[in-house]
Amino acid sequence: MKIATWNVNSLGVRLPHVEQWCRDVRPDVLALQETKLEDGRFPVAAVEALGYRCAFSGQKTYNGVALLARQAPREVLTDIPGLDDAQRRILAATVGDLRVVNLYVVNGQAVGSDKFAYKLDWLRKVTAFLAEELRRHPRLIVLGDFNIAPDDRDVHDPETWREQVLCSTPEREALKRLLALGLVDSFRQFVDGAGHYSWWDYRQGAFRRNMGLRIDLILASEALRPSLKAAAIDRTPRTWERPSDHAPALLELAA
DNA sequence: ATGGTCGTCCCACGA
């Protein structure tokens with residue numbers, strides 16, 4: 001089965017892209033971030049016409065996460081213990097025999113800013129939540145826009161990005177603590193080298209010049225490790241008209 | 001020239 005994550009930067013604008021990509025690639029599970037739609041405006045009918053069931057936690061203008069799946073998502077959870085947060089960044093659900101946690105991690109703006117402190121606090125609380133999810137659901141996938149490039153291989157120009165937001169040591173350490181729960185970055189089970197990115201700034205022709213970061217991740221629990229078959233980032237939708245600044249990341253799991 | 005683009009919503013702000 002195929003599991004994917006995609007920051008669409010407004011589902012209102014990108015619904016045609018999601019429809020086209022789902023027809024082309026046929027993922028079984030697709031986690032979306034930055035839908036920027038209130039729940040009442042979520043395109044349920046279009047998603048169902050495409051052959052998917054969905055769950056969503058939306059917000060006007062900012063944030064918003066959703067899960068599309070061939071099988072109906074169950075046990076949906078959008079708020080976690082100890083994090084009283086109006087920002088819609090978390091959606092956990094059970095799909096078949098998998099637990100799936102979709103995250104839109106806080107961007108953090110700049111190292112040392114209030115938003116950066118919020119990012120680190122948010123990650124600490126989400127990590128505690130994931131420890132409990134993993135205990136209850138050993139077959140766990142955690143995926144989404146992490147807004148952290150795990151290491152310098154994931155950065156087009158590590159010197160320019162050194163200790164900048166998305167690449168700083170505190171953020172990378174926070175991600176390592178999350179991984180230490182017993183999760184692996186599935187992409188790195190299959191690809192070792194540098195130069196594979198999932199986000200490119202809209203400015204400066206960054207995509208054309210492959211000046212990107214790999215910040216969209218699919219983490220798999222140890223119990224799933226023997227089932228990992230392939231991982232990739234599909235740059236194709238980034239070449240389409242009016243694209244999201246992110247490309248979808250994919251993981252193939254043995255059925 | 002110390003920016004450069006988008007999306008949202010009306011004026012900047014967030015990414």
Side-chain angles (χ1 to χ4, degrees), chain A residues 5-21 31-43 46-47 56-66 83 85-91 102-123 126 143-150 154-168 170-172 174-175 197-217 233-249:
Chain A
T5 181
W6 193 4
N7 180 323
V8 291
N9 185 18
S10 169
L11 185 57
V13 173
R14 238 63 75 181
L15 179 60
H17 302 65
V18 170
E19 290 174 325
Q20 186 62 52
W21 193 72
L32 302 177
Q33 301 85 35
E34 284 204 86
T35 57
K36 302 186 179 179
L37 288 177
E38 288 174 303
D39 288 350
R41 300 186 45 177
F42 195 87
V47 163
F56 40 85
S57 179
Q59 182 183 338
K60 193 173 135 176
T61 310
Y62 304 111
N63 310 314
V65 285
L83 183 65
D85 193 354
Q87 300 191 17
R88 302 291 81 194
R89 298 179 174 277
I90 300 171
L91 195 153
N102 177 14
L103 300 178
Y104 174 44
V105 175
V106 176
N107 174 283
Q109 194 174 58
V111 174
S113 68
D114 288 351
K115 286 173 182 163
F116 188 78
Y118 166 60
K119 180 178 195 172
L120 295 180
D121 182 61
W122 190 94
L123 284 164
V126 167
L143 77 178
D145 177 357
F146 281 73
N147 271 318
I148 301 172
D154 305 308
V155 182
H156 69 92
D157 181 352
E159 291 318 313
T160 296
W161 283 88
R162 184 76 59 213
E163 296 303 334
Q164 300 300 304
V165 73
L166 313 187
C167 299
S168 75
E171 292 163 89
R172 286 176 169 172
L175 178 59
Y197 311 127
S198 64
W199 170 81
W200 302 261
D201 199 293
Y202 283 123
R203 293 167 285 193
Q204 300 179 264
F207 179 67
R208 179 176 51 78
R209 300 156 72 190
N210 199 27
M211 295 169 59
L213 302 178
R214 191 177 67 91
I215 57 179
D216 298 273
L217 311 178
I233 298 166
D234 186 358
R235 299 159 52 103
T236 308
R238 190 64 172 78
T239 70
W240 294 345
E241 284 296 312
R242 213 179 174 192
S244 169
D245 45 353
H246 295 251

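Numbers restart at 1 for each chain; the letters A, B, ... are given by sequence-line order, proteins then strands. Because the structure is predicted, anything quoted here is derived from the model rather than measured. Side chains are part of it too, since the values below use all heavy atoms of this structure and drop only hydrogens, waters and symmetry mates.
Note: CD (A:Glu38) to C1' (B:dG7) measures 15 Å, nearest angstrom. Residue A:Asp201 contributes atom CG, which lies 8 Å from atom C1' of B:dA15 at whole-angstrom precision. A straight line from CE of A:Met211 to P of B:dG4 spans 15 Å, rounded to a whole angstrom. Rounded to whole angstrom, the span from the CD atom of A:Gln87 across to the C1' atom of B:dA15 amounts to 13 Å. Between A:Asp114 atom CG and B:dA15 atom P the separation is 13 Å, expressed in whole Å. Rounded to an integer number of Å, the gap from A:Arg208 CZ to B:dT5 P is 13 Å. Following rounding to the nearest Å, A:Trp199 (CH2) and B:dC6 (P) show an atom-to-atom distance of 13 Å. Rounded to whole Å, the distance from CD on A:Gln59 to C1' on B:dG7 is 14 Å.
Of the two residues near DNA chain B, A:Asn147 and A:Thr35, the one whose nearest nucleotide lies more 5' is A:Thr35. With the nearest nucleotide of DNA chain B identified for both A:Gln204 and A:Leu11, A:Gln204 has the one nearer the 5' end.
Looking only at distances, a side-chain donor or acceptor of A:Arg238 sits under 3.5 Å from a matching main-chain atom of A:Asp245. In this structure a side-chain-to-backbone donor-acceptor pair under 3.5 Å is missing from A:Tyr197 to A:Phe207. Under a 3.5 Å cut-off, the side chain of A:Ser198 and the backbone N or O of A:Ile215 do form a donor-acceptor pair.
Remark: A:Thr61 is not in phosphate contact with B:dG7, judged by side-chain N or O atoms under 4.0 Å from OP1 or OP2. In terms of phosphate contacts, A:Arg203 brings no side-chain nitrogen or oxygen within less than 4.0 Å of OP1 or OP2 of B:dA15.
Within residues 239-249 of chain A, the residues that have a heavy atom under 4.0 Å from DNA chain B are, in order of number, A:Arg242.
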task: Begin with the C-alpha distance, continue with both residues' side-chain angles, and end with the deciding distance and a verdict on ring pair (Phe, Tyr, Trp, His ring centres under 6.0 Å) for A:Trp21 and A:Trp6.
output: CA-CA 11 Å; A:Trp21 193 72; A:Trp6 193 4; 5.6 Å; yes
message: Pair A:Arg89, A:Asn63 - check side chain to side chain donor-acceptor pair (under 3.5 Å), show working.
response: CA-CA 6 Å; A:Arg89 298 179 174 277; A:Asn63 310 314; 3.3 Å; yes
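One finds the NE2 atom of A:His246 at 10.0 Å from the CZ atom of A:Arg14 (value rounded to the nearest 0.5 Å).
Classified by interplanar angle (parallel below 30°, tilted 30° to 60°, perpendicular above 60°), the ring pair A:Trp240/A:His17 is tilted.
Here, B:dA1 and B:dA12 have their P atoms 25 Å apart, quoted to the whole Å. Separating the C1' atom of B:dG14 from that of B:dC10 is a span of 16 Å, rounded to the nearest Å.
Checking each of A:Asn102, A:Asn9, A:Asn7 against A:Gln33 for a side-chain hydrogen bond (donor to acceptor under 3.5 Å, both in side chains) leaves exactly one that passes, namely A:Asn102.
Counting only N and O atoms by type, the side chains of A:Ser10 and A:Glu34 include no donor and acceptor under 3.5 Å apart.
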List, with names and distances, any nitrogen or oxygen atoms from the protein found under 3.5 Å away from nitrogen or oxygen atoms belonging to nucleotides 12-14 of chain B.
residue : atom : partner  : partner atom : Å
B:dG14  : OP1  : A:Lys115 : NZ           : 3.2
B:dG14  : O5'  : A:Lys115 : NZ           : 3.2

